[in-house]
Protein chains: 2
Amino acid sequence: MGVVITISREFGSGGRELGRRLADKLGIAYYDKEILLEIEHKTPFSKEYIEEVSESRPIPLFPIHYGNSWAPVTDPHLKQSIEVYNAQADIVRELAEKSSCIIIGRCADYTLRNDKPLRIFVYSDMPSKIARCRSREKDHEDLSDKEITKRIKAIDRRRRKYYEFYTGQKWGDRNNYDILINTTNANIKELADLLAGHIEKKNNDK
Amino acid sequence: MGVVITISREFGSGGRELGRRLADKLGIAYYDKEILLEIEHKTPFSKEYIEEVSESRPIPLFPIHYGNSWAPVTDPHLKQSIEVYNAQADIVRELAEKSSCIIIGRCADYTLRNDKPLRIFVYSDMPSKIARCRSREKDHEDLSDKEITKRIKAIDRRRRKYYEFYTGQKWGDRNNYDILINTTNANIKELADLLAGHIEKKNNDK
């Protein structure tokens with residue numbers, strides 16, 4: 001297996017930009033939403049359904065912790081959500097085996113844990129997340145800071161719950177990552193250069 | 001103010017080695033235990049007393065949170081501990097103003113928060129901390145892994161409580177740092193080279 005880098009990120013922290021720049025710099029594949037398309041090919045479910053369940057954890061009818069324990073799954077929505085998650089995990093594994101790559105989100109750090117990818121977590125403070133959201137999306141223009149903050153928090157809460165449901169690990173807990181980067185006041189391009197240098201060096205040392 | 005880097009670290013994670021190498025590489029000052037000597041010069045207290053109270057938070061007679069609130073301080077031990085902490089904070093500020101430097105521990109990230117130092121947190125998993133302790137200290141030779149683990153945990157618990165008492169912030173919480181580095185399986189020399197390159201670049205850009 002080549003270089004595999006997983007990037008988890010808080011919404012608006014620039015993690016995706018960091019990933020894209022890093023992939024460009026290293027000349028390796030970059031996977032983000034592409035994985036959802038692959039799930040569509042591999043399962044009977046619609047694009048919309050996959051998008052929905054691959055962002056939100058299912059709410060089971062009884063307490064269940066998928067990552068660490070087993071319980072009979074009778075709820076059909078839960079069953080299908082787990083099916084989508086498993087298809088996603090298979091695709092993540094196939095992509096990582098195929099070539100060096102960067103994978104954004106998708107619990108890839110957990111799925112690939114035995115292959116020792118470089119696990120990066122990107123975060124920043126709220127004012128810089130708000131500024132980043134405003135700069136990149138036109139439809140945030142009419143929202144107040146308070147409204148954007150609410151949206152950002154809701155998205156991150158969903159990411160956290162999804163991750164924790166399927167992995168049994170705490171999202172953003174430093175022990176699950178190799179490096180955590182605060183992008184508040186940081187220049188993402190510089191960070192990408194820095195990490196690319198580090199990764200190239202590590203790889204040459206092998 | 002020049003380049004100021006603060007390093008907080010879990011015991012046995014190699015944070016001190018990273019700091020020393022980084023200071024060498026950048027050709028800047030490195031402060032660790034030296035600060036305790038300075039406190040001795042500036043206060044009426046003995047070396048032993050300073051060592052004791054600058055590692056452990058005082059146990060006040062009533063609940064008090066020094067970092068964020070005020071309460072009349074009547075307990076003499078608490079009073080003296082705070083005196084040592086304040087002398088330490090003054091010295092940290094003086095050193096940071098004097099020249100570019102790296103400061104290990106001492107709540108320096110909090111003391112210098114308005115000067116925007118580069119705040120690094122270094123950590124690793126328990127097996128690699130145990131291995132690092134064994135490799136560097138002869139007196140760990142007779143201890144079992146379980147005993148070393150107990151010691152490491154006790155030291156980190158003390159560090160955490162000391163930091164939280166004086167700063168009102170959570171020790172190791174990613175929001176209080178710019179970069180968190182997991183040294184499990186990492187080469188500290190390589191990490192120092194990497195960070196030095198990043199810091200030099202940032203500084204040239206100014």
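Each chain gets a letter, A, B and so on, in the order the sequences are listed, and its residues count up from 1.
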**Gap separating the CG atom of A:D178 from the OG1 atom of B:T184, nearest 0.5 angstrom** = 8.0 Å
**Request:** With chain B as the partner chain, list the residues of residues 23-33 of chain A whose heavy atoms fall under 4.5 Å from it, by residue number, and write 'none' if nothing qualifies.
**Result:** none
**Prompt:** Does A:D193 reach the side chain of B:H198, with side-chain heavy atoms less than 4.5 Å apart?
**Reply:** no
**Request:** Give the member of B:D173, B:I179, B:L194 that has the highest number of heavy-atom pairs under 4.5 Å with chain A.
**Result:** B:L194
**Request:** Against chain A, label B:N175 side chain, backbone, both or neither, depending on which of its atoms sit under 4.5 Å from a heavy atom there.
**Result:** both
**Message:** Treating B:R174 as the side-chain partner and A:Y123 as the backbone partner, does any N or O pair qualify as donor plus acceptor under 3.5 Å?
**Reply:** no
**Complete:** So the salt bridge (Lys or Arg N to Asp or Glu O under 4.0 Å) pairs with at least one residue in residues 101-116 of chain A (sequence neighbours excluded) are A:E55-A:R106
**Message:** I'd like to check the salt bridge (Lys or Arg N to Asp or Glu O under 4.0 Å) partners of A:R9; sequence neighbours left out, ordered by chain and number.
**Reply:** none
**Choice from A:L195, A:L191, A:L180, A:N182 maximising heavy atom contacts with chain B below 4.5 Å** = A:L180
**Prompt:** For the candidates A:G172, A:G197, A:S124, which exhibits the highest count of non-hydrogen atom pairs separated by less than 4.5 Å from chain B?
**Reply:** A:G172
**Message:** Apply side chain to side chain contact (heavy atoms under 4.5 Å, CB included) to residues A:I181 and B:Y177 and explain how you reach the verdict.
**Reply:** CA-CA 9 Å; A:I181 300 173; B:Y177 307 95; over 6 Å; no
Under 3.5 Å, which donor-acceptor pairs do the side chains of residues 96-105 of chain B form with other protein atoms, sequence neighbours left out?
| from | atom 1 | to | atom 2 | distance (Å) |
| --- | --- | --- | --- | --- |
| B:S100 | OG | B:V3 | N | 2.9 |

